[in-house]
2 protein chains.
Amino acid sequence: MPLRQASAALQDERAVPANGTGTTDLSLRLLDFLARSAEPVGLSELARQFQASKATIHRHLQTLAYHDFVRQDPATMRYAPGIKLFILGERLRERFDILGVARSEMVRLRDETGHAVTLSTLVDDQVVVLDLIQGHSIVNFGTQPGTVLPLHASAHGKVALAFGPEDLLRRCLARPLKAWTPHTVSTRAALERDLVQIKARGWATSPNQVLQGINGIAVPVFNHAGRYAGGISCAGTVQTIPATPSAAIIKALKRAAAQISRRLGYAGK
Amino acid sequence: MPLRQASAALQDERAVPANGTGTTDLSLRLLDFLARSAEPVGLSELARQFQASKATIHRHLQTLAYHDFVRQDPATMRYAPGIKLFILGERLRERFDILGVARSEMVRLRDETGHAVTLSTLVDDQVVVLDLIQGHSIVNFGTQPGTVLPLHASAHGKVALAFGPEDLLRRCLARPLKAWTPHTVSTRAALERDLVQIKARGWATSPNQVLQGINGIAVPVFNHAGRYAGGISCAGTVQTIPATPSAAIIKALKRAAAQISRRLGYAGK
DNA sequence: CCGTATGGTTCATTAAATGAACCGATGGTT
DNA sequence: AACCATCGGTTCATTTAATGAACCATACGG
């Protein structure tokens with residue numbers, strides 16, 4: 001199977017690599033590629049993907065492996081992401097204090113509603129899923145921690161737009177709004193109309209926005225300074241969570257959010 | 001407060017950086033340093049720590065930031081670890097399938113015993129904590145996910161030595177056994193005696209081994225091939241988990257481990 | 001108003017990253 | 001068995017690109 005061109009995986013549509021070190025750039029792209037690959041990848045394959053010589057790739061991998069960012073499967077000789085990524089990633093967790101205080105409330109919310117519950121926050125204009133409590137159904141739902149959600153087409157994202165930094169919407173509109181499904185709100189006017197409503201009622205939904213048949217409902221969490229600190233949401237099928245959800249689930253979400261906000265030092269209602 | 005010399009943080013006691021790319025090496029050390037720092041660090045500070053020019057550090061940070069491995073606090077201009085570490089770290093989680101199947105059993109074990117429960121596995125001769133379920137006590141216990149445990153001085157480590165790869169013990173004995181406390185088993189003979197007993201009875205403890213007053217009890221988990229796949233443990237004070245633990249807790253641990261092993265496809269008893 | 005921090009940039013020097021060609025091993029195919 | 005095409009890894013001459021001294025502009029404190 002032809003893998004997607006490696007360089008596209010990370011650089012994506014973004015403009016120029018700016019003025020940095022090209023060597024490091026290659027190393028990081030290698031690291032990213034390996035972390036995104038489902039299977040360990042061989043040296044030659046990597047050299048082909050990145051259009052570099054085997055010698056170059058080999059030395060990069062040596063250094064990455066030395067720092068445990070990459071490991072070589074002793075049996076197949078192929079390369080896989082290393083444990084260091086996991087270790088450093090876990091260390092980053094501590095920085096998001098919202099994570100610790102939210103956990104128990106999320107579990108309670110899950111038990112109340114039976115739905116999968118996710119926690120998100122805004123990092124550098126990106127909505128990132130921080131934690132996930134699996135729902136009480138047979139099929140596993142919800143976005144995994146670490147996932148980046150679209151600002152305009154997810155419940156979490158729209159909560160961030162509605163209650164987050166002032167100029168977030170402007171930066172969001174600077175690039176085209178990707179239509180994930182035929183139902184995705186992808187025009188500026190429709191999104192702004194949506195946000196007015198979300199601000200008024202305090203919660204956002206995203207029926208069929210990012211995936212047909214799936215819906216989410218999210219509410220904001222505020223910190224000690226009274227500012228947006230993140231969001232919590234329930235996710236499920238459009239059958240279980242309709243576009244206009246039941247008063248019960250909204251109430252449960254708002255209660256949980258208020259509780260978390262209070263624990264973060266929020267003094268508001 | 002004088003920070004520890006940055007270069008020592010990662011290279012540690014290890015011998016030579018091998019033959020890799022020095023540029024990448026510096027980048028990775030920078031990344032590691034930032035991830036380990038509690039607070040964001042300024043450019044000049046980093047240049048001093050790594051004994052390199054500001055220009056060099058700056059360009060490295062530019063590239064790291066471009067890939068979201070590092071972010072610059074807009075207010076203080078200082079540098080902090082980026083969200084990419086968290087994202088890639090979470091992605092690594094999927095690779096450890098033991099994580100998914102173990103979770104519910106760990107929660108049940110925690111509820112049964114009240115103790116903090118941890119899950120570990122062996123990665124490149126290192127025992128790494130994969131998951132932690134907090135105990136039901138006021139004070140938070142247990143080692144955080146991502147932590148590397150000593151092979152000879154932790155319950156998890158000794159389970160790995162007893163039930164893991166044949167030659168792990170040999171490689172473990174190749175370097176001196178660090179004595180974390182006065183009670184740490186740090187002689188070859190004592191360790192080997194310990195392991196014989198652990199193999200016979202199927203569980204390991206580590207009273208006062210790595211921290212005075214703290215004990216852990218661990219049992220192995222086996223995979224579909226009947227080989228060691230990791231371990232689960234309960235942790236607590238030596239008062240709550242004595243050196244020779246109650247039959248109840250041992251039974252609970254063994255039951256949970258058997259259940260997880262079975263879900264991993266283990267056909268044994 | 002100076003002194004000394006900070007983050008960031010420029011540019012000539014040179015150190016170091018690079019790739020073509022190579023090796024030894026492995027594993028199918030003829 | 002001989003062959004060919006892989007594989008991971010290494011060598012070494014070439015030249016690219018990483019480097020640091022010196023340089024801004026700015027901010028803070030006495």
Side-chain angles (χ1 to χ4, degrees), chain A residues 1-3 6-7 11 15-31 33-34 37 39-67 69-82 124, chain B residues 1-3 6-7 11 15-31 33-34 37 39-67 69-82 124:
Chain A
M1 63 194 146
L3 283 168
S7 55
Q11 294 192 348
V16 259
N19 53 343
T21 60
T23 305
T24 297
D25 184 81
L26 175 58
S27 282
L28 296 182
R29 269 162 49 216
L30 266 169
L31 186 58
F33 182 78
L34 285 175
S37 306
E39 301 273 314
V41 187
L43 174 62
S44 301
E45 173 71 17
L46 286 171
R48 237 175 286 119
Q49 284 287 333
F50 287 86
Q51 299 173 39
S53 70
K54 282 193 294 181
T56 299
I57 301 294
H58 179 66
R59 264 178 304 107
H60 277 251
L61 289 172
Q62 286 295 320
T63 309
L64 285 167
Y66 174 73
H67 291 292
F69 277 96
V70 149
R71 67 177 229 100
Q72 185 170 26
D73 189 321
T76 65
M77 291 279 110
R78 285 207 260 267
Y79 293 90
D124 291 330
Chain B
M1 64 197 145
L3 284 167
S7 54
Q11 295 192 346
V16 259
N19 54 342
T21 59
T23 306
T24 297
D25 184 81
L26 175 58
S27 283
L28 296 182
R29 270 162 48 217
L30 266 168
L31 187 57
F33 182 78
L34 285 176
S37 306
E39 300 273 314
V41 187
L43 173 63
S44 301
E45 173 71 17
L46 286 170
R48 236 175 287 122
Q49 283 288 334
F50 287 86
Q51 297 172 40
S53 69
K54 283 191 296 181
T56 299
I57 302 294
H58 179 66
R59 265 178 302 109
H60 277 251
L61 289 171
Q62 285 295 320
T63 310
L64 284 167
Y66 174 73
H67 291 293
F69 278 94
V70 149
R71 66 178 230 101
Q72 185 170 26
D73 190 320
T76 65
M77 291 278 110
R78 284 207 260 266
Y79 292 90
D124 291 330

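Just so we're on the same page: letters track the sequence lines, and every chain starts at 1. Everything quoted here is computed from the prediction, not taken from an experiment.
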message: Less than 4.5 Å apart, side chain to side chain, heavy atoms only: is that true for A:Tyr66 and B:Leu28?
response: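 A side-chain contact under 4.5 Å is absent here.
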
message: Could you tell me if the side chain of A:Leu34 sits less than 4.5 Å from the side chain of A:Leu61, heavy atoms only?
response: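 The answer is yes; the side chains approach within 4.5 Å.
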
Quick check on [N]: is either OP1 or OP2 less than 4.0 Å from any side-chain nitrogen or oxygen of [X]?
| X | N | value |
| --- | --- | --- |
| A:Tyr79 | D:dG9 | yes |
| A:Gln62 | C:dA17 | no |
| B:Gln51 | D:dT19 | no |

From the options [options], select the nucleotide whose nearest atom is closest to the side chain of [X].
| X | options | answer |
| --- | --- | --- |
| A:Arg59 | C:dT18, C:dG19, D:dG20 | C:dT18 |
| A:Thr56 | C:dT18, C:dG8, C:dT6 | C:dT18 |
| A:Thr23 | D:dA18, D:dG8, D:dT19 | D:dA18 |
| A:Ser44 | C:dG19, D:dG8, C:dG8 | D:dG8 |
| A:Met77 | D:dG8, C:dT6, C:dG19 | D:dG8 |
| A:His58 | C:dG19, D:dT19, D:dT10 | D:dT10 |

Starting at [atom1] of [X] and ending at [atom2] of [N], how long is that distance when rounded to a whole Å?
| X | N | atom1 | atom2 | value |
| --- | --- | --- | --- | --- |
| B:Ile57 | C:dG7 | CD1 | P | 12 Å |
| B:His60 | D:dT19 | NE2 | C1' | 9 Å |
| A:Glu45 | D:dG9 | CD | C1' | 17 Å |
| A:Arg78 | D:dG9 | CZ | P | 12 Å |
| A:Leu26 | C:dA17 | CG | C1' | 10 Å |

query: Which sits closer to the 5' end of DNA chain C, B:Leu43 or B:Ala55, going by the nucleotide each is nearest to?
result: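 Its nearest nucleotide lies further toward 5', so the answer is B:Leu43.
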
query: Mapping B:Lys54 and A:Gly42 to their closest nucleotides on DNA chain D, which lands nearer the 5' end?
result: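 The residue whose closest nucleotide sits nearer the 5' end is A:Gly42.
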
To the nearest 0.5 Å, how far apart are [atom1] in [X] and [atom2] in [Y]?
| X | Y | atom1 | atom2 | answer |
| --- | --- | --- | --- | --- |
| B:Thr24 | B:His60 | OG1 | NE2 | 8.0 Å |
| A:Ile57 | A:Leu26 | CD1 | CG | 5.0 Å |
| B:Arg78 | B:Leu46 | CZ | CG | 10.5 Å |

